[in-house]
Undergrad: 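Please find one structure pasted underneath; my questions will follow.
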Amino acid sequence: MSSPTKGNIFIISAASGTGKTTLVSRLLQSRSDIRVSVSHTTRAPRTGEEHGRHYYFVDAARFEALIREQAFLEHAKVFDNYYGTSFESINSLRDQGYDVILEIDIQGAEQVRRVLPDACSIFILPPSFQVLADRLTGRGTDSPEVINKRLSKARSEIEQAFSFDYIVVNNDLLEAEADLLAIIKAQRLKQSAQHAFIENLLAQP
Ligand code: 5GP
């Protein structure tokens, strides 16, 4: 008897300000079979962020200890802070059959693709650089210095879009959400994602 079907892994990356977090939280609200992996980070919590829900907020010493213990599927330094996806944060969800979204940066996406070639990677693009600049400023969560840093990084991040499996342009939120759901559905229908089902079927008399 084969093991039950494990959930799929979806890597979702974007330049910051592209609406990735909004899109992912909408997906989670509308689909009970999709979960997001909670990352570890050394950055300070923003207003309203909770430990264990948005991130596991840890100090650099703890993060470095976790690196040494090989606790991370991937980790990267983003804007002077560490971010990482622990094996623990995804494995229990996958084993329960949930599809798991990794909302991570491009460096992390590359690492996950190397370790888990079946992971489906999606890059979200803004409709234009002007829209990206407006969104970053309007968000009001970061200092002008941080915003400038993010904007100058955006172009080089967007150049990496070529190495992702799917591209979603976030012009209209509803349309972008529908595009994401279509990708998730297509991934679930792939032959490679349905080995357990096929084997179970063949095992029947
Ligand atoms: P923020 O500080 O705005 O929450 O996230 C900054 C960037 O770090 C975003 O691009 C976000 O996707 C990325 N990020 C969040 N968690 C992880 C993670 O576990 N690994 C990697 N590589 N990047 C992450």
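In each ligand, atom 1 is the first atom listed, and ligand 1 is the first ligand listed. Values below: every heavy atom of this structure, side chains too, minus hydrogens, waters and symmetry copies.
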Undergrad: Tell me the protein heavy atom at minimum distance from atom 4 (O) of ligand 1, and give that distance in Å.
TA: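 Result: Y55 OH, 2.5 Å.
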
Undergrad: Pick from R31, R94, R35, R188: which one makes a salt bridge (Lys or Arg N to Asp or Glu O under 4.0 Å) with D99?
TA: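 Checked R31, R94, R35, R188 against D99; only one passes salt bridge (Lys or Arg N to Asp or Glu O under 4.0 Å): R188.
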
Undergrad: Are R113 and F164 in a cation-pi contact, defined as NZ or CZ under 6.0 Å from the six-membered ring centre and within 45° of the axis?
TA: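 That pair qualifies as a cation-pi contact.
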
Undergrad: Looking at ligand 1, is there an atom of it that comes within less than 4.0 Å of some heavy atom belonging to K77?
TA: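 For ligand 1, residue contact (heavy atoms, under 4.0 Å) with K77 is absent.
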
Undergrad: For atom 9 (C) of ligand 1, what is the closest protein heavy atom, and at what distance to 0.1 Å?
TA: K20 NZ, 3.7 Å

Undergrad: So which protein heavy atom does atom 20 (N) of ligand 1 come closest to, and at what separation?
TA: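 Its nearest protein heavy-atom neighbour is E74 OE2, 2.7 Å.
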
Undergrad: Is the Lys NZ or Arg CZ of R43 less than 6.0 Å from the centre of F57's six-membered ring, within 45° of the axis?
TA: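 No.
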
Undergrad: N/O of H75 under 3.5 Å from N/O of ligand 1, yes or no?
TA: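 No.
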
Undergrad: Do E50 and Y55 meet the criterion of a side-chain donor-acceptor pair at a distance under 3.5 Å?
TA: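 There is no such pair between these side chains.
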
Undergrad: Using the benzene-type ring in the case of Trp, are the ring centres of Y56 and H51 under 6.0 Å apart?
TA: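 Yes: the rings meet the under 6.0 Å criterion.
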
Undergrad: May I ask you to identify the nearest protein heavy atom to atom 3 (O) of ligand 1, giving residue, atom name and distance to one decimal place in Å?
TA: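 That would be R46 NH2, 3.1 Å.
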
Undergrad: Taking the side chain from T42 and the backbone from Y82, do they hold a donor-acceptor pair closer than 3.5 Å?
TA: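 The answer is yes, because a donor-acceptor pair under 3.5 Å joins these two groups.
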
Undergrad: Check whether any heavy atom of Q107 sits under 4.0 Å from an atom of ligand 1.
TA: no

Undergrad: Out of curiosity, is H54 lining ligand 1, as in a heavy atom under 4.0 Å away?
TA: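 It does not, in that no heavy atom of H54 comes within the 4.0 Å cut-off of ligand 1.
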
Undergrad: Considering non-hydrogen atoms of the protein only, which is the closest contact for atom 6 (C) of ligand 1, and what is the distance?
TA: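 In this structure, atom 6 (C) of ligand 1 has Y83 OH, 3.6 Å as its nearest protein heavy atom.
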
Undergrad: What is the closest protein heavy atom to atom 16 (N) of ligand 1, and at what distance does it sit?
TA: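 I find the closest protein heavy atom is S39 OG, 3.3 Å.
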
Undergrad: Is it the side chain, the backbone, both or neither of H40 that has a heavy atom closer than 4.0 Å to ligand 1?
TA: neither

Undergrad: Evaluate the ring planes of F63 and H40, with Trp represented by its six-membered ring, and classify them as parallel (under 30°), tilted (30 to 60°) or perpendicular (over 60°).
TA: perpendicular

Undergrad: Which protein heavy atom lies closest to atom 13 (C) of ligand 1, and at what distance to 0.1 Å?
TA: D105 N, 3.8 Å

Undergrad: Relative to ligand 1, is R150 under 4.0 angstrom through side chain, backbone, both or neither, heavy atoms considered?
TA: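 For R150, the contact with ligand 1 is made by the side chain alone.
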
Undergrad: Starting from atom 7 (C) of ligand 1, what is the nearest protein heavy atom, named by residue and atom, and what distance separates them?
TA: V78 CG1, 3.8 Å

Undergrad: Can you check whether G84 has an N/O within less than 3.5 Å of an N/O in ligand 1?
TA: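 Yes, G84 has an N/O under 3.5 Å of an N/O on ligand 1.
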
Undergrad: Give the numbers and elements of all ligand 1 atoms closer than 4.0 Å to a heavy atom of R43.
TA: 1 (P), 2 (O), 4 (O)

